[in-house]
Amino acid sequence: MGKNIVEKIIEAHLASGQAQAGQRIGIKADQVYTQDATGTMAWLQFEAIGVSRVKVPLAVSYVDHNMLQSDFMNADDHEFLRTSASKFGAWFSRPGNGISHQIHLERFSAPGKIALGTDSHTPTGGGIGMIAIGVGGLDAAAMMAGAPFELKMPDVVRVNLKGKLRRPWVASMDIILELLRRLTVKGGVGRIFEYAGPGVKELSVPERATITNMGAELGATTSVFPSDERTLHFLKSQNREQDWVELSADPDAVYAETIDINLSRLEPLIAMPHSPDNVKPVRELAGTKVNQVCIGSCTNSSYMALKEVASVLKGRQIAPGVSLLLNPGSRQVAAMLARDGIVKDLLAAGVRLLESSCGPCIGMGGAPGSGHVSIRSYNRNFKGRSGTKDAQVYLANPLLCALFAVKGEIIDPKTSGIKVSRAKEPAEYPVNNNMFIPPAEESTGKAEIVKGPNIKSVPVKEKPGDVLEAEVLLVTGDNITTDDIMPAGSKILPLRSNIPAISEFVYSGLDPEFSKRALAVSANGGGVVIGGENYGQGSSREHAALAPMYLGVKAVIAKSFARIHRANLINFGILPLVFENPEDYKKIGKGDRLKAAGLREAVRENRAFMVENLTQGTSFMAVPNLSGREADLILEGGLLPYIKTKFKD
Ligand code: MIC
Ligand code: SF4
């Protein structure tokens, strides 16, 4: 039987199990990378494991999120990350080098390889034909210490692209918005999307990367493109021809499902507030006034994308009521924009040029005004994520963003009277690696790690007892995001290295009293959170598990979980339970006391057990759904105590 691309890559990296959908497998990664906001914890955890150096062929520590330095905290984190990389034998990408996913694509991603990154948009690397998966920081630390990464082999879905992106104003982002429109933010859970068909060769690697990047919004494990002559072109132009291998599915490869998309028929799309799957044709929103436009992020900030943006802005002015912020994805992109005179055109039009970092995407500056409409070429528009609770954030491709900035409102681009000029893929990118510090034998194992006063050690949980008796702290709805659980933004992100301090903000957007209530009951059995479908969608931030663990949360009982968050809960010893009968969800209220006995045995045997609702006098069945290793982690109190016993030098 023929193999698809996913099976080929996974099989070449198997540490245990068989690459068959639904089976637990262990894989070895070629590359692990961290970004700063999740990386400080990952490296603190790596240090706590007690291994003297990284044990993967390539480890890179990036700095791209915590770039607003309004006090000492972020700069101290950068120094901690630099000195940790030096001590443990990792590459360090200095602040200013750009957004991790964009730089990784330029400098390290390679077809056929596996990369794990501590950020949910790691699948950007799928654009070059690699399996790139987002994980929590502790999983990354464990991998770097030599452990394989365990996951349930996902179903592989074939996305068959036909036709060409012919219509002006339609860009590769519209392909993924179309998938989100059809499948929703839960549509990719437990699946990998493999792109195929004649439309593939119409897309350059950066355009493919936009699609695989935003595949994260489907909840997919990852997305991957074949590696072909366009991949070779990209690698050659980045001076990395030697990293190219051809990669395609066998003609008789088998897929769980095939989805067809005709590129020629796609029309410009836009995701409305407050979810990336709330997708409508742009023409339906014509007339909506715009206050802010943000272009860039790890989704859409390649040189070509920004050159096309400039072609819309050149010789024009941004409308008086609009503020346009633009962050180039990497220093390489910014340097090319400067070299080619594009910066001049952007500035002349009124663009506010930001440094190469995540910036407004994660509320690190650039927050919109009260009730303002912000149109962004980014990947997420969850309520409040921009830093402004009542902002109305829409997501659209960069060309449309530029157009709406000029017009001051959303218009049907057919009526714009503006011609878009499409950028040609560069034959050569200027390569300058001087913002990287490579690992060096002289410092590995010896360098001193510098920790500022905001960097606190990682809390560790005790092993769970046999009886769970806890209070329901919150009953949430469907599709709760990790931004809901552990908000980001310029005030909270600098606390990522300080769990006691950041834990005060758990659920602060939805329920400002949450952390106080949780702490109050922590000595009396602790708390439980009740969730709907797809609980914990979105980012890989393990703080959405680690901080609740610190507050004494013992279990989350939900209808279903998002993959990375579920893994993070287990890594920190919080039981992710699902309702055997989803109807039972309705019978639980905030403040109810729940009790379950014989917990350790039920977890060990991975069987459903009864939970009594002492307040309501009812009961329901909860299902652990754990693999053998996951059960071990829960029984040990989490991955850190478990891994320490196995991988310490
Ligand atoms: C995001 O886009 O939500 C983030 C910020 O990049 C997160 C990581 C984090 O919270 O640090 C992600 O996508 O995983
Ligand atoms: Fe950064 Fe935004 Fe990309 Fe997350 S989605 S990595 S915050 S640019």
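We count ligands from 1, going down the list as the structure has it; atoms in each ligand are counted the same way. Model, not experiment: these values are computed from the prediction. Throughout, residue positions are numbered sequentially from 1 according to the sequence presented.
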Sidechain N-carboxylate O distance under 4.0 Å for Glu630, Arg566: yes
Flag side-chain contact, heavy atom, 4.5 Å: Leu105 against Phe234: yes
For atom 1 (Fe) of ligand 2, find the nearest protein heavy atom and state the residue, atom name and distance (0.1 Å precision). Cys358 SG, 2.3 Å
Ligand-side contact atoms (ligand 1) for residue partner Gln35, heavy atom cut-off under 4.0 Å: 8 (C), 9 (C), 11 (O)
Ligand 2 atoms in contact with Ser297 (distance to a heavy atom under 4.0 Å): 8 (S)
When you measure from atom 13 (O) of ligand 1 to every protein heavy atom, which one gives the shortest distance, and what is it? Ser120 OG, 2.6 Å
So does His65 get a backbone contact from the side chain of Asp36, meaning a donor-acceptor N/O pair under 3.5 Å? yes
Could you tell me which atoms of ligand 1, counted from 1 in the order shown, lie closer than 4.0 angstrom to a heavy atom of His65? 4 (C), 5 (C), 6 (O)
For atom 12 (C) of ligand 1, what's the nearest protein heavy atom and its distance? Ser539 CB, 3.1 Å
Donor-acceptor contact present, side-chain Thr222 to main-chain Ala132, <3.5 Å: yes
For Gln35 and ligand 2, answer yes if some heavy atom of the residue is under 4.0 Å from a ligand atom, otherwise no. no
Find all atoms of ligand 2 within a distance of less than 4.0 Å from any non-hydrogen atom belonging to His101, and give their numbers and elements. 6 (S)
Under 4.0 Å from a heavy atom of Thr38: which atoms of ligand 1 are those, numbered in the order shown and with their elements? 9 (C), 11 (O)
Do Ile27 and Ile114 make a side-chain contact, defined as non-hydrogen atoms from C-beta onward lying under 4.5 Å apart? yes
Quick one: does Thr184's side chain have a donor or acceptor within less than 3.5 Å of a partner on Lys186's backbone? yes
Need the ligand 1 atom indices (1-based, order shown) with element for anything under 4.0 Å from a heavy-atom of Ser540. 12 (C), 14 (O)
Would His65 count as a contact for atom 2 (Fe) of ligand 2, in the sense that one of its N, O or S atoms lies under 2.8 Å from it? no
Can Lys451 and Glu47 be counted as an ion pair, charged N to O under 4.0 angstrom? yes
Atoms of ligand 2 close to Asn379 [distance to a heavy atom under 4.0 angstrom, numbered from 1]: 5 (S)
Against Cys401, only a single residue in Ile295, Leu324, Val290 fulfils side-chain contact (heavy atoms from CB on, under 4.5 Å); can you say which? Ile295
Salt bridge flag under 4.0 Å for residues Arg541 and Asp119: no
Quick check on the 6.0 Å ring-centre criterion: do Tyr33 and Trp91 meet it? no
May I ask you to list the atoms of ligand 1 that are less than 4.0 angstrom from any heavy atom of Arg541? 1 (C), 3 (O), 5 (C), 9 (C), 10 (O)
Considering the heavy atoms of Ile362, write down every atom of ligand 1 situated less than 4.0 Å from one of them. 5 (C)
Those atoms of ligand 1 less than 4.0 Å from some heavy atom in Asp119: 4 (C), 6 (O), 7 (C), 8 (C), 12 (C), 13 (O), 14 (O)
Minimum-distance protein heavy atom relative to atom 3 (Fe) of ligand 2: Cys298 SG, 2.3 Å
Under 3.5 Å between some N or O of ligand 1 and some N or O of Arg380? yes
Can you tell me if CZ on Arg352 sees more than 12 non-hydrogen neighbours from other groups inside 6.0 Å? no
Proximal ligand 2 atoms for Cys361, defined as those under 4.0 Å from one of its heavy atoms: 2 (Fe), 5 (S), 7 (S), 8 (S)
Report yes or no: does Arg496 have a heavy atom closer than 4.0 Å to ligand 1? yes
Structural part of Arg385 in contact with ligand 1, heavy atom criterion under 4.0 angstrom: side chain
Just heavy atoms, cut-off under 4.0 Å: does Asp64 contact ligand 2 by side chain, backbone, both, or neither? neither
Has the side chain of Ser540 got a donor or acceptor atom that lies under 3.5 Å from a matching backbone atom of Thr118? yes
Could you tell me, atom by atom, which parts of ligand 1 come under 4.0 Å of a heavy atom of Ala37? 11 (O)
Electrostatic pair Glu217-Arg380, nearest N-O below 4.0 angstrom: yes
